[in-house]
Amino acid sequence: MEELLFQATDRREFLKKAGTIAGFLGVSACPLAAFAGSETVQLTILHTNDVHSRIDPFPMDGSRNQGMGGVARRSALIKSIRAEQKNVLLLDAGDIFQGTPYFNVFGGELELKLMSDMGYDASTFGNHDFDNGVEGFVKQMHNAKFPFLSSNYDFSNTALDGKTKPYQIFKKQGTTIGVFGLGIELKGLVSKSNYGETQYLDPIQKGNEMASFLKNEKRCDLVICLSHLGYKYKDNKVSDQVLAKSTRNIDLIIGGHTHTFLKEPETILNLDGKATLINQVGFAGINLGRLDFFFDRQSGKHKMMAAVCPVSEKILV
Amino acid sequence: MNQYKSVGAVLLASVLSFSCHKHFTVKSNEYKQYVISNEVAADSSVIRYYAPFKQQMEAEMNKVIGTASSELEKSSDPETSLGNFFADAILVEARKIEPAIDISFPTTKGGIRNSVSAGNITVANIFELMPFDNEIIILKLSGAGVQKIADYLAASNGQPVSGIRLKVVDKKAYDVTVAGKPLDLNREYIIATSDYLANNGDDQSSLANPLERRNTGKLIRTALLDYVAEQTKNGKSITPLIDGRIVVSGN
């Protein structure tokens, strides 16, 4: 509706342009691009995975990652990026919990509070987020001022029933971004007493359904999957690579679980032959990933030109 | 002008039919990765915010849960007091989950990250000893499977184990006994280990292809903490023990 309103008020300008197009159509085979009155919208996606309760930087003990990471530094970095960028989404791909005594002492309270302070927009579940059981997670959940997204865990017979979301839609300067979450099979990875009656559903099927829903029904300009499936495996176990090539409509997979340090996002062609990006930034908050998407705002006029091209030609002919 | 207007009308009509289509398309993207090192200035408000948590966490970590009568040493010897403490503790704690466990092989020597000094044992000491979040795994192995463990123990100059004894000559295992009886290749044994070793960690595959596997969800560190706390409750300190479970000769 918004767009139609815009069209109506700008009709005089619109008619003028339309006339100009009509005049040019006979000259060039594809004149539309030249007239696309476009405006670029920049979306900045910041992401982490497998931070594993790493609040302080790694201690200076001679270990490989000594002095790396730390929430206070990450927070400062995010603040400086937010000062420069209007449209920021801050996302996490799970395994927030377990790895330092902060988790053993506070059960995840501090991790979730600090993430909320940094303005995380969404996360998904990692296997270690169940380390204090479903109940242990629920107990801390009020500290998270952001949603936990999961499409392939059925929590209906657990204490998490109704407390998670399948997806979240974000609007940034007119763009619509759909985010959903997929988790790894918990059996064999997490003790049954901790995940309880959580049912694991096929991530390929659920991912496809959710991505199609977000892209086609919710008209998202970008569909992001927060995945804790793992980057890749030697065997056929479902991974981000398998997910990317077995689905449609996912533009970006922000992965976790395998603690993979990718130098840059990997591009995989999906079932439609379109690019799906996969990224993962190691673990423990050692790195912060940043992906900037530049959208062309296709104004009403641009859109119209593209849409009516054949019709106009017919008229002219 | 009339001609233009009519074109415009057609255009407008098509806007109606296409108006709910997407209005943004990704033109390009760029990637950047920030390394969070000491070159990134810290947000002092965050440090202030979690300072009370840090204090409390450190207080919890400094809680004394037991005592060591003398130092449990980390060394490359075939059998160490530190390794024996670790393996004995896991045998006791894992038997609370599965009483039929015959042997524990919960870590390699390299997996024990610190020694335990004489005197007070704190929660932090156990974290330093076992910083990894490995869990206890229970495996059922054939007698031949246990022989593979013995072979690995011999070839790698001994590892922390409990419930099994052997002699090593020229990196070969002899006189292997379990619970005082010679290893019986025709029976099955129950082993407590870690997910790390069960998954062929540390470049060993002595536990590959078990007859059965059960994940307990119990962290090895938690089991060590429980063990020390229970010893303390029973009025016992942790005492270094070398009992000849792995004896290497003929080198």
Side-chain angles (χ1 to χ4, degrees), chain A residues 3-4 7 14-15 18-19 22 40-41 55-57 67-77 79 98-99 101-102 105-106 110 114 117 174-175 188 190-191 193-194 219 221-222 251 264-265 281 285-298 300 303-304 307-308 311-312 315, chain B residues 1 3-8 10-47 49-50 53-54 56-61 123-124 127 131 133 135 195 213 215-219 221-222:
Chain A
E3 190 200 341
L4 285 175
Q7 287 304 329
F14 154 74
L15 288 175
T40 300
V41 173
I55 309 290
D56 294 309
M68 302 296 284
V71 170
R73 292 171 183 163
R74 181 162 22 118
S75 170
L77 183 58
K79 277 183 184 168
Q98 188 71 265
Y102 282 108
V105 175
F106 303 109
L110 185 57
L114 289 170
D117 282 357
T175 61
V190 176
S191 90
S193 59
N194 279 338
R219 301 290 178 194
D221 303 309
L222 194 74
D251 296 298
E264 55 183 19
V281 289
I286 289 172
N287 294 312
L288 177 71
R290 172 175 175 172
L291 262 157
D292 287 282
F293 284 91
F294 297 87
F295 292 89
D296 251 0
R297 181 185 196 118
Q298 303 184 327
K303 193 71 202 169
M304 285 187 305
V308 300
V311 183
S312 303
I315 291 170
Chain B
M1 279 308 286
Q3 185 198 348
Y4 291 160
K5 270 184 189 162
S6 66
V7 173
V10 173
L11 290 171
L12 194 59
S14 57
V15 168
L16 286 166
S17 57
F18 285 90
S19 62
C20 49
H21 276 203
K22 290 189 295 287
H23 299 128
F24 290 88
T25 48
V26 176
K27 186 179 66 177
S28 62
N29 63 67
E30 281 172 10
Y31 182 63
K32 186 172 174 174
Q33 187 163 249
Y34 299 91
V35 178
I36 316 271
S37 68
N38 57 10
E39 286 170 28
V40 178
D43 184 339
S44 55
S45 69
V46 169
I47 292 178
Y49 176 80
Y50 77 81
F53 287 89
K54 186 167 179 154
Q56 194 186 331
M57 183 271 286
E58 284 171 350
E60 299 269 348
M61 293 298 284
V123 175
F127 269 80
D133 296 320
E135 65 167 303
D195 51 340
R213 168 175 171 146
N215 301 338
T216 66
K218 175 112 183 178
L219 291 182
R221 182 177 52 239
T222 307

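Throughout, a chain's letter reflects where its sequence line sits, starting with A, and its residues are numbered from 1. Hydrogens, waters and symmetry mates are skipped; everything else that's a heavy atom, side chains included, is used.
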Below 4.5 Å from any heavy atom of chain A, which atoms of [X] appear? Answer side chain, backbone, both or neither.
X        : value
B/Lys54  : both
B/Tyr49  : side chain
B/Gln33  : both
B/Phe53  : both
B/Thr216 : backbone

Under 4.5 Å, counting heavy-atom pairs only, tell me which of [options] racks up the most with chain B.
options                              : value
A/Leu114, A/Val105, A/Leu110         : A/Leu110
A/Pro265, A/Gly67, A/Gly70, A/Gly289 : A/Pro265
A/Asp251, A/Asp117, A/Asp56          : A/Asp56
A/Ser75, A/Pro101, A/Ala76, A/Gly285 : A/Pro101

Exercise. Side-chain contact, heavy-atom cut-off 4.5 Å: B/Met57 with A/Ile55?
Worked result: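 In short, these two side chains do not touch, never coming nearer than 4.5 Å.
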
Exercise. Side-chain contact, heavy-atom cut-off 4.5 Å: B/Tyr34 with A/Arg74?
Worked result: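 No, too far: nothing below the 4.5 Å cut-off.
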
Under a 4.5 Å cutoff for heavy-atom pairs, which residue among [options] has the most contacts with chain A?
options                    : value
B/Phe127, B/Tyr31, B/Tyr50 : B/Tyr31
B/Glu58, B/Glu60, B/Glu30  : B/Glu30
B/Asn29, B/Ile36, B/Leu219 : B/Ile36

Exercise. Taking all atoms of both residues into account, what is the closest heavy-atom pair of B/Ser45 and A/Lys79, and its distance?
Worked result: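 Shortest heavy-atom contact: OG-NZ, 3.7 Å.
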
For this session: Would you indicate whether B/Lys27, at its atom NZ, is surrounded by more than 12 heavy atoms from other residues, nucleotides or ligands within a distance under 6.0 Å?
Result: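 Enclosed: over 12 neighbouring heavy atoms sit under 6.0 Å from NZ of B/Lys27.
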
Problem set entry | Interatomic spacing from NZ in B/Lys32 to CG in A/Leu288 - rounded to 0.5 Å |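 One finds 10.5 Å between NZ of B/Lys32 and CG of A/Leu288.
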
Exercise. Say you draw a straight line from OH of A/Tyr102 to CD of B/Gln56; how long is it, rounded to the nearest 0.5 Å?
Worked result: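 So the gap between those two atoms works out to 11.0 Å.
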
For this session: Just do the side-chain contact (heavy atoms from CB on, under 4.5 Å) check on A/Met68 and B/Val35 with the steps written out, would you?
Result: CA-CA 8 Å; A/Met68 302 296 284; B/Val35 178; 3.3 Å; yes

